[in-house]
Amino acid sequence: MDYQVQLNNGKAINLKNAEFDTTVFTQTLNDQKINFVNMGGAIINKHIIVSVLPVDSIQSEKQELA
């Protein structure tokens with residue numbers, strides 16, 4: 001599945017065909033001892049992640065706004 005990671009600096013990272021366990025990912029984000037996460041080969045400071053959305057949802061929102 002394709003995802004878009006929105007960052008708090010206004011930038012976005014697009015992940016193509018990313019496979020990850022959402023439960024494990026959520027636990028990682030909530031773990032106070034972990035500062036960085038690996039998302040599709042991109043190492044990201046977890047504190048700058050605003051949202052992780054499936055690309056299908058983003059495209060649907062843009063179509064609704066048009």
Side-chain angles (χ1 to χ4, degrees):
M1 179 173 266
D2 297 343
Y3 295 92
Q4 186 174 73
V5 181
Q6 293 288 327
L7 306 177
N8 68 1
N9 62 3
K11 296 188 180 192
I13 298 172
N14 295 310
L15 303 174
K16 300 283 185 189
N17 300 317
E19 300 280 334
F20 59 93
D21 184 334
T22 55
T23 303
V24 172
F25 182 68
T26 301
Q27 290 172 345
T28 301
L29 290 178
N30 290 326
D31 187 339
Q32 296 295 318
K33 295 177 274 184
I34 297 174
N35 289 320
F36 295 91
V37 293
N38 181 344
M39 298 188 71
I43 306 300
I44 305 168
N45 182 324
K46 73 176 189 177
H47 300 290
I48 68 168
I49 298 172
V50 174
S51 65
V52 180
L53 300 170
V55 172
D56 293 340
S57 297
I58 295 166
Q59 292 172 348
S60 296
E61 288 178 20
K62 286 182 180 178
Q63 289 174 353
E64 289 175 9
L65 296 175

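Along the sequence shown, residues carry numbers from 1.
Between D2 and L15 the shortest side-chain heavy-atom distance does not fall below 4.5 Å.
Between the CD1 atom of I44 and the CG atom of L29 there is a distance of 10.0 Å, given to the nearest 0.5 Å. How far CD of E19 is from CE of M1: 9.0 Å, rounded to the nearest 0.5 Å.
Partner of V5 under the side chain to side chain contact (heavy atoms under 4.5 Å, CB included) criterion, out of I48, V37, I49: I49 alone.
Following chains of ILVMFWY side-chain contacts shorter than 4.5 Å, one can reach F25 starting from L7, so the two form part of one hydrophobic cluster.
Closest of all the heavy-atom pairs between N35 and H47 is OD1-NE2, 3.6 Å. Heavy-atom minimum distance, K46 versus N30: NZ-C, 4.3 Å.
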